[in-house]
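Written below as structure tokens is the structure these notes are about.
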There are 2 protein chains.
Amino acid sequence: MSLEDKLSEVGRNLRSSIIRELLKFAASPEAISFGGGVPDPNTFPRHELAEIAKEVIEQDYSYTLQYNTTEGDDLLAQEMSKLLTRIYGIEGIQRDQMLFTTGSQQALDLMARIFLDKDSICFMEFPAYLGAVSAFRMSFPRFETVPVEDDGMDVDYLERRLKEIDAKGEICKVKFIYTVPNFHNPASVTMSLEKRKRLIEICNRYDILILEDDPYGMLRFSGEPKPSLYKLAGPDRVVLLNTFSKVLTPGLRIGVILGRSDIVRRATMAKQAMDLCCPSLTQRIAARYLNRYDIVEQIKPGIELYRSKKDTMIKALNQDFSVIEGAKWIDPEGGLFVWITLPQGFDTIGMFDVAKSKNVYYIPGEAFSIEKTPSTSMRLSFCLPPEEKIVEGIRRLRDVIVEYGKQKGLM
Amino acid sequence: MSLEDKLSEVGRNLRSSIIRELLKFAASPEAISFGGGVPDPNTFPRHELAEIAKEVIEQDYSYTLQYNTTEGDDLLAQEMSKLLTRIYGIEGIQRDQMLFTTGSQQALDLMARIFLDKDSICFMEFPAYLGAVSAFRMSFPRFETVPVEDDGMDVDYLERRLKEIDAKGEICKVKFIYTVPNFHNPASVTMSLEKRKRLIEICNRYDILILEDDPYGMLRFSGEPKPSLYKLAGPDRVVLLNTFSKVLTPGLRIGVILGRSDIVRRATMAKQAMDLCCPSLTQRIAARYLNRYDIVEQIKPGIELYRSKKDTMIKALNQDFSVIEGAKWIDPEGGLFVWITLPQGFDTIGMFDVAKSKNVYYIPGEAFSIEKTPSTSMRLSFCLPPEEKIVEGIRRLRDVIVEYGKQKGLM
């Protein structure tokens, strides 16, 4: 059987994650990887979760080992509702506004399925979270990208593009704008309050839905939290995605969609056809954890750990990267990433071979572009390597850049 | 925002499960429900799973609470490979031929995504497993249905239809044939060996993939196991779907795709965009359970329980349904269902109101037709109600049929 002849358009157009390919070599013990956005296992409350897992199976086995509803665990919904109220100040959340998903990734896939057709227009940030691009791409929409600046997406650019699209009579094709407003992945910036308000005002004007993805919001090191777009504009304008992957553990694979009940209902119907339900066990473990422990307190040591690693990375960059004239980065207020932009002429994919030879790994900026545009940027994650490896890794990376820069006559 | 204007074609065409709607009323304590295909929680090895859950979190937290690969847990793959060899006699399974999914439902969705386009033709059995229809429908293929007989699908009919499609030059549009060969859901029949061979021969001739879904195969009460289509024809012709939902617990949501490595690779790439990975925790729990216990031995009491319930149901039907001339059913060799067909003139959806008034629930045959064809059949599941409720429920159901039959002048 020739598979190519049998595959669907989706099947033929699937691409393997470039990150995955690049990081194949990062597994050796000598390697220092700033690659994956994977949390430090030392932040996982393993003893608490182990105890709870045993308990909820022993005590509630006819629930935890059985099929669930597609909507998910009602106890988790109660706890999640309290948590969302606490961290975002969102009041009056109804049960039918929430759907639990297999991480945020499934939420992205659900949004793509219920909103995007081939002739749809989908606004993304540039650089963009790669997982969102992969999920949306399966519907083959037309992507529009809005550059990300130091204080979040360029809303003026967005406004201009929407005006042009409107003038062509295509505004009805614009389904949503996807944004990561806090500690952006990969750009590590946070959208200013002013831009949040402008974004909402623009989307109100053109009647466009905002998909607000906030996996890192609780991991703030400094500065004051900005109000979420959902809090500012409500469910008529915003669907909020959240996940436990970065603040509790990714191993449970629990994400949540918070939105207008009719949107959530459609997503629920799609999920029913996609996998019936998430595991009852993982949902009930999370529910009991939230009920028994104060997650906002519990994650404080984890935040401290990441803050310290981030400080170490920024300090190392300030020291070692002084030789690389024109290199830029932002000291992020939270999250897991530092986004570095090198001077014109550098190509961080081209540089990857030198990096491999020196056993240090990063994600080239090209990975975060929709059309694989060569990039002078790269994403470094500080969450996983121990601090001494961060120092050593930044030193190696400097050597990589200098070697490549000299090779190419850039330095 | 008007949601209707924003939705994709998929979003607009989602249907809520008819089963879900029908069974809303089945939750009251007086109700007897033969509705859902939900296993009896008494068959769940809760003490073993509770112990293992605690252990694998305590000992392997940096694995079980972390992200997994999309392919899933390698230890589970080892154990699954041994199990598949044991139950199907399949040898030489490679790691890259297996992908773990969120139950079989996700496997069905994955197959739809990588194979089905709008102009694809997809062969189903009639009656058909509803979950497969929902998953496939999201790609809007053209469905062709093959009637199920007492010994499995009508392969002569299939052959005639394929010949007609071939004559029209459309054979290249036929992507796969979906079948549940063992203890069919809902028809409760098992495909004969002869038909299995004919099916493979026909599919070889027209170069069509077979999607073999076998969630119930291990739940055999009597008779000899028939060789799986995969065992007979191999991965060039067959993709085999299996799941722990009916033999261990649905709460872990673990299904597996076994197929040709290039097909599995495409499915893996699609899954990566859909939810990144299944929970590491649930996969490792299943892996350790399989490693520590002999699941084939462990499920024997569960099989006994179901056999006894099935016998009770068949005995009650033989007794009570003798007043309903022309009613037919099969004494299944395994699985969870009995499929009853009433004489011409009955409509099991129409009859549902009478059933509600007598507090007994079943799934009307119409739910298993793709185009919602009225049906004289209904599916009864015997797995969940205790035996005395089965006896009482069949008595109630007889009264329902007699009352409805008299109302309609059929009796």
Side-chain angles (χ1 to χ4, degrees), chain A residues 1 3 5-11 14 16-17 38 41 44 46 49-51 53-54 57-58 61-62 64-67 102-103 105-106 109 113-117 120 131 134-135 138-139 172 175 207 209 236 249-253 262-263 266 269-270 272-276 278-282, chain B residues 1 3 5-11 14 16-17 38 41 44 46 49-51 53-54 57-58 61-62 64-67 102-103 105-106 109 113-117 120 131 134-135 138-139 172 175 207 209 236 249-253 262-263 266 269-270 272-276 278-282:
Chain A
M1 196 188 72
L3 183 58
D5 297 343
K6 294 282 181 193
L7 288 173
S8 65
E9 190 177 4
V10 169
L14 288 164
S16 187
S17 156
V38 163
F44 304 155
R46 62 181 186 272
L49 292 175
E51 209 46 61
K54 183 166 192 281
I57 297 178
E58 285 282 1
Y61 69 96
S62 64
T64 51
L65 299 179
Q66 189 59 283
Y67 286 106
T102 307
Q105 189 65 35
Q106 188 179 47
D109 186 32
R113 284 188 127 170
I114 67 170
F115 285 117
L116 299 181
D117 286 317
S120 300
S134 320
M138 285 196 288
S139 300
C172 57
K175 297 305 184 77
D207 194 23
L209 193 69
D236 276 337
T249 144
L252 298 177
R253 307 293 303 122
D262 56 351
I263 297 174
R266 291 285 162 166
M269 287 159 76
Q272 188 169 49
M274 283 158 63
D275 67 6
L276 298 182
C278 290
S280 304
L281 177 59
T282 49
Chain B
M1 196 187 73
L3 183 59
D5 298 342
K6 293 282 181 193
L7 289 172
S8 64
E9 190 177 5
V10 168
L14 289 163
S16 186
S17 154
V38 164
F44 303 154
R46 63 181 185 273
L49 293 175
E51 208 48 60
K54 184 167 192 282
I57 297 178
E58 285 282 1
Y61 69 97
S62 65
T64 52
L65 300 180
Q66 189 58 284
Y67 286 106
T102 307
Q105 188 65 34
Q106 189 180 45
D109 186 33
R113 284 188 128 170
I114 68 170
F115 285 117
L116 299 181
D117 285 316
S120 300
S134 319
M138 285 194 288
S139 300
C172 56
K175 296 304 183 79
D207 194 23
L209 193 70
D236 275 338
T249 143
L252 298 177
R253 308 294 303 120
D262 57 351
I263 296 175
R266 291 284 163 168
M269 287 160 75
Q272 189 170 46
M274 283 158 63
D275 66 6
L276 298 182
C278 289
S280 305
L281 177 60
T282 48

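A note on names: the letters A, B, ... follow the listed sequences, proteins ahead of strands, and every chain is numbered from 1. Computed from a prediction, not measured in an experiment: that's the story for all the values here.
Within the 4.5 Å cutoff, side-chain heavy atoms of R113(A) are placed close to those of R113(B). Using a 4.5 Å heavy-atom cutoff, the side chains of M274(B) and Q106(A) are not in contact. In this structure, the side chains of D236(B) and M1(A) stay at 4.5 Å or more apart for every pair of heavy atoms. The shortest side-chain heavy-atom distance between S8(B) and S139(A) does not fall under the 4.5 Å cut-off. The closest side-chain heavy-atom distance from R253(A) to L276(B) is below 4.5 Å.
Taking Q66(A), R266(A), K54(A) one by one and counting their heavy-atom pairs under 4.5 Å with chain B, the maximum is reached by Q66(A). Interface remark: of the candidates L209(B), V38(B), D5(B), V38(B) forms the most heavy-atom pairs closer than 4.5 Å to chain A. Put simply, of G131(B), G251(B), A270(B), S134(B), the one with the most heavy-atom pairs under 4.5 Å next to chain A is G251(B). Chain B forms the most heavy-atom pairs under 4.5 Å with one residue out of T64(A), T102(A), L252(A), and that residue is T102(A). Among A135(B), S62(B), A50(B), the residue with the largest count of heavy-atom pairs under 4.5 Å with chain A is A50(B). Heavy-atom pairs under 4.5 Å with chain B were tallied for A273(A), S280(A), A53(A); the largest tally goes to A273(A). For the options L49(B), D109(B), V10(B), L65(B), heavy-atom pairs under 4.5 Å to chain A are most numerous at L65(B). Most heavy-atom pairs under 4.5 Å with chain B: of the set P250(A), P41(A), C278(A), this distinction falls to P250(A).
For the side chain to side chain contact (heavy atoms under 4.5 Å, CB included) with L7(B), the qualifying choice from I114(A), D262(A), I263(A), D117(A) is I114(A), the only one to do so.
Distance CG/D275(B) to CD/Q105(A): 7.5 Å, rounded to 0.5 Å. Rounding to the nearest 0.5 Å places OG1 of T249(A) at 8.0 Å from CG of L281(B).
Neither the backbone nor the side chain of S120(A) comes within contact range of chain B; no heavy atom of the residue lies under 4.5 Å from a heavy atom of that chain. Contact of L116(B) with chain A is made through the backbone alone, with heavy-atom distances under 4.5 Å.
Here the closest non-hydrogen pair linking Y61(B) and F44(A) is O-CD1, 4.0 Å.
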